[in-house]
Each structure stands twice: as structure tokens, then as C-alpha cells.
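Computed from a predicted structure; not experimentally measured. All values below were derived from every heavy atom in this structure, side-chain atoms included, with hydrogens, water molecules and symmetry-related copies excluded.
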Amino acid sequence: MDEGLVPVRTLLGDVRLEAVERLGENDRALVDRVRATYPDGRRVSLIAKQYRSAGEGWVRESCALSILSNRLRAPRVVACAAEPPILVLEDLGDGQSVADALIGRDAEVAQRALDAWAAAIAALHVATRGAREAFHAVLAERQGDLPVADSRMPAEIDAAVRALDRECGALGVRVPAGALDELRGLTKRLGGSRLAALTPGDTCPDNNVLTAEGLVLVDFEGAEWRHVAWDVGYLHVPWPSCWCSWRIPEAAAEQAMASYLRAARPQLPEVDDPGFAADVEAAVVGWCLITTTWFISNALADDPPLNPDRPTPTRRAMISHRLQRAARSTELPALAELAAELAAELRRRWGDVALAPAPAFRAAQ
């Protein structure tokens with residue numbers, strides 16, 4: 001047995017493990033596919049996720065999956081431990097993800113994947129809308145000495161406000177009156193007391209697997225309680241936190257949005273209220289500015305690849321596209337003005353930088 005799997009073997013007890021392949025490795029966790037042979041002769045494939053520390057990632061993911069176990073199709077937890085922090089999950093197989101479809105060559109396949117993603121997000125929102133107290137309770141049980149808030153967005157927004165003020169000052173970009181207050185105001189407007197649900201937090205197009213039962217969402221390290229508009233807005237930014245943030249044609253995003261509404265409205269009729277579309281637009285503008293602060297330092301430097309192993313858009317292209325998208329919005333006018341001012345300064349430095357469509361949609365453009 002691979003020595004790196006010893007903690008997993010200890011957790012599982014009298015089970016023989018064989019390493020099959022390393023699925024992922026970063027500064028947060030190691031993820032392996034393993035083959036487990038039980039004493040009765042059963043052999044199953046499992047996913048072993050070993051966290052670098054029992055920090056927020058392990059706490060959030062283990063708590064979210066425990067909440068979802070009786071509510072929605074999600075990776076089933078086979079074993080869980082805090083010392084050392086490990087999750088052993090069922091293996092959902094090698095099905096494609098939405099990201100695979102987007103970097104493919106077939107626009108119809110990509111559209112079906114977007115629709116499936118939207119329907120899966122809607123199913124998650126429907127299944128967990130009333131789960132805040134349960135999520136809060138399991139967070140309290142597992143969080144250890146450092147408290148883990150059930151929502152990360154207030155901290156994200158506060159950090160973005162500070163970073164925008166700092167970066168605009170360094171670049172000589174004027175910050176219009178009220179712009180940062182509009183961004184700060186999203187903490188309350190899109191908070192967890194209204195149309196909110198449990199979310200993976202990072203609903204990127206590679207954090208899912210197509211199975212015989214449909215698209216299943218995976219990777220809940222960033223799980224949190226937040227307004228559903230933050231998730232739905234992913235379609236229109238697009239994909240705030242993902243390496244494959246290629247442009248999605250507006251018609252494709254709108255069709256996926258229609259799939260979300262169709263799946264959500266029987267249990268969440270509020271999504272048909274006029275105010276919901278406005279909230280989604282506010283979330284889009286918010287993501288455009290928040291993620292600009294994540295990427296701008298590297299973009300102003302040498303703009304290294306987002307993912308060295310795959311073709312990706314540059315940070316400069318992503319930032320330029322997002323600022324231009326926010327600048328066109330009428331929902332948060334002062335923030336839109338700031339986006340326009342910042343986009344103009346970056347265009348002066350970088351020239352015109354266009355965000356290409358996702359590969360699957362390029363032939364149709």
C-alpha cells in the first residue's frame with residue numbers, strides 16, 4: 001500500500017487499500033482514487049481526500065455533505081475523521097464535467113451541460129433552503145478552536161472593498177462616490193436571511209460529475225449559506241473562480257438560466273419575482289468586482305497561466321471582460337462607473353484584451 005494512504009487505511013480499519021491514481025493535489029488537500037478490498041471480498045473504488053489541516057475546508061465539506069446525505073444526490077461519506085482530517089467518499093466515476101464539455105468541440109453538448117448544471121444548482125437550492133440551522137449546528141460541532149462562519153460572503157465583500165480602494169489608489173483610478181458603499185451593501189441585500197440556501201461556494205464547471213443519475217455536484221470545501229443569486233450569477237460572469245472562465249454566449253447563458261428557473265420555481269416561486277432578476281444582476285456585478293481583486297496583482301505583473309496543464313484565458317482577459325460587463329449594468333450605477341474607470345486605465349496599460357468564447361462555442365461565433 002502507498003505509504004501516503006496509511007492514515008486512510010487506519011481510518012477504514014480492516015480494509016486493504018490500493019492506490020489507483022492521484023486526482024488532485026494543492027496546498028489544501030490530496031485527492032486519490034483508491035481500490036478498497038473488504039474482509040468479505042467486496043472490492044469498491046473510493047475517493048480519499050486528505051486535507052493539509054483540519055481547517056475550514058475539512059469543516060465545511062464534511063458538514064455540508066452530512067447535511068446533504070438525506071436531501072440530495074451528493075458524494076456519500078464512507079468515513080470521516082478530524083485527526084488527521086480525512087474524508088473518504090464514494091467514487092462517482094469518470095464521467096465528464098461541465099468544464100470538459102466547454103473545452104470540447106460540440107456546442108450542443110456544451111449547452112446540455114450548462115442546462116444540467118443549472119438544474120443541479122436549482123435542485124440543491126430547493127433541497128437545502130431550510131437547512132441553515134442544521135448546517136450551523138454541525139459547523140459548531142466540528143469547527144474546533146477557530147469559529148467557522150456559516151457564510152463567507154461578508155468577509156469576501158469586506159476584503160474586496162479594501163482591495164479595490166488600495167488598487168485604485170495605486171493605479172490613480174478615481175473611485176466614484178458611493179461605489180464602495182454599493183459593494184458593501186451586497187452583504188445585506190444578498191445575505192442569508194432571504195432567498196438563501198446551502199451551496200458548495202465554488203460551483204465551478206469542473207466541480208461536478210455526470211453520472212447515470214444525472215449531474216452531481218462535488219467539492220464542498222467552500223460550502224456556505226448564502227443568497228442563491230450568488231450561484232446563479234456564475235453563468236453570467238462567467239465562472240468567477242474557475243480556470244476555464246471562457247466567455248459564454250449570452251443566448252447559452254440565458255437558456256441555462258431558463259433551466260434553473262424551470263427547476264426551481266415549483267418550490268421557490270420567488271425566482272419569478274421581478275426583484276430576483278435584479279438580485280442576480282447585482283450578484284453578477286459584485287462577482288465582477290470581487291474577482292478583479294483576486295486576480296489583479298498577477299495580471300499587473302507577468303500574468304502567469306491560471307492552469308499550467310490546460311489552455312486557459314489570461315487574467316487580463318478575464319478582468320477586462322468582467323469590468324466591461326459590470327460597466328454596462330444599471331443595477332449598481334456607482335459601482336458600474338468605477339468598473340468603467342478601472343477598465344479604461346487597464347486598457348491604457350494592456351491594450352484591448354478580448355476574452356475568447358469557450359472552445360465548444362467558437363465555431364458558432
Side-chain angles (χ1 to χ4, degrees), residues 27-28 55-57 59-60 63-64 132 135-136 139-140 143-171 173-204 220-234 237 239-242 278-300 315 318-319 322-323 325-327 329 331-343:
D27 59 354
R28 300 187 307 276
E56 286 206 6
V59 172
R60 290 184 182 280
C63 290
R132 186 173 196 176
F135 184 51
H136 186 80
L139 283 176
Q143 64 189 2
D145 295 332
L146 296 176
V148 177
D150 63 3
S151 178
R152 301 162 64 224
M153 288 310 300
E156 291 280 10
I157 290 169
D158 283 346
V161 167
R162 292 193 301 271
L164 277 173
D165 193 37
R166 180 180 65 250
E167 296 292 347
C168 287
L171 293 168
V173 172
R174 180 183 68 89
V175 177
L180 298 182
D181 286 338
E182 284 185 347
L183 182 55
R184 223 180 261 112
L186 294 181
T187 296
K188 182 176 180 180
R189 175 176 177 176
L190 302 181
S193 60
R194 295 179 57 211
L195 182 56
L198 182 61
T199 167
D202 185 11
T203 51
C204 284
F220 283 76
E221 284 184 42
E224 65 175 312
W225 185 264
R226 70 186 184 194
H227 195 291
V228 302
W230 289 114
D231 284 349
V232 180
Y234 261 55
V237 175
W239 319 120
S241 51
C242 191
D279 284 343
V280 171
E281 178 63 14
V284 170
V285 175
W287 278 132
C288 287
L289 274 299
I290 291 167
T291 58
T292 289
T293 69
W294 295 351
F295 302 127
I296 195 167
S297 292
N298 278 322
L300 288 168
R315 290 176 180 83
M318 289 164 50
I319 289 172
R322 291 173 187 184
L323 291 176
R325 171 63 179 81
S329 179
E331 186 61 35
L332 300 169
L335 207 52
E337 186 180 353
L338 172 59
E341 296 268 0
L342 185 52

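- Pairing each heavy atom of Trp239 with each of Arg322, the nearest pair is O-NH2, 3.2 Å.
- Salt bridge status for Arg60 with Glu221: absent, with no side-chain N to carboxylate O gap under 4.0 Å.
- Across all non-hydrogen atoms, the minimal contact from Ala326 to Leu289 is CB-CD2, 3.8 Å.
- Among all heavy-atom pairs drawn from Gly191 and Ala196, the shortest one is O-CB, 4.2 Å.
- Scanning both residues, Cys204 and Tyr234, for their nearest heavy atoms gives N-CE2, 4.1 Å.
- Here the shortest heavy-atom pairing between Arg315 and Ala299 reads CB-CB, 4.0 Å.
- Panel note: side chain Trp287, backbone Pro240; no donor-acceptor pair is recorded below 3.5 Å.
- In summary, Arg189 and Glu182 do not engage in a salt bridge, as defined by a charged side-chain N under 4.0 Å from a carboxylate O.
- Side-chain N or O atoms of Arg226 include none that pairs as donor or acceptor with a backbone N or O of Arg152 at under 3.5 Å.
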side-chain contact (heavy atoms from CB on, under 4.5 Å) between Asp279 and Arg194, intermediate numbers included
CA-CA 11 Å; Asp279 284 343; Arg194 295 179 57 211; 3.3 Å; yes

Where do Glu281 and Ser329 land on the side-chain hydrogen bond (donor to acceptor under 3.5 Å, both in side chains) test, with the steps shown first?
CA-CA 8 Å; Glu281 178 63 14; Ser329 179; 2.7 Å; yes

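- Across Gly192 and Trp225, no two heavy atoms sit closer than the pair O-NE1, 2.9 Å.
- One finds a salt bridge joining Arg174 and Glu337 here, because a Lys/Arg side-chain nitrogen approaches an Asp/Glu carboxylate oxygen to under 4.0 Å.
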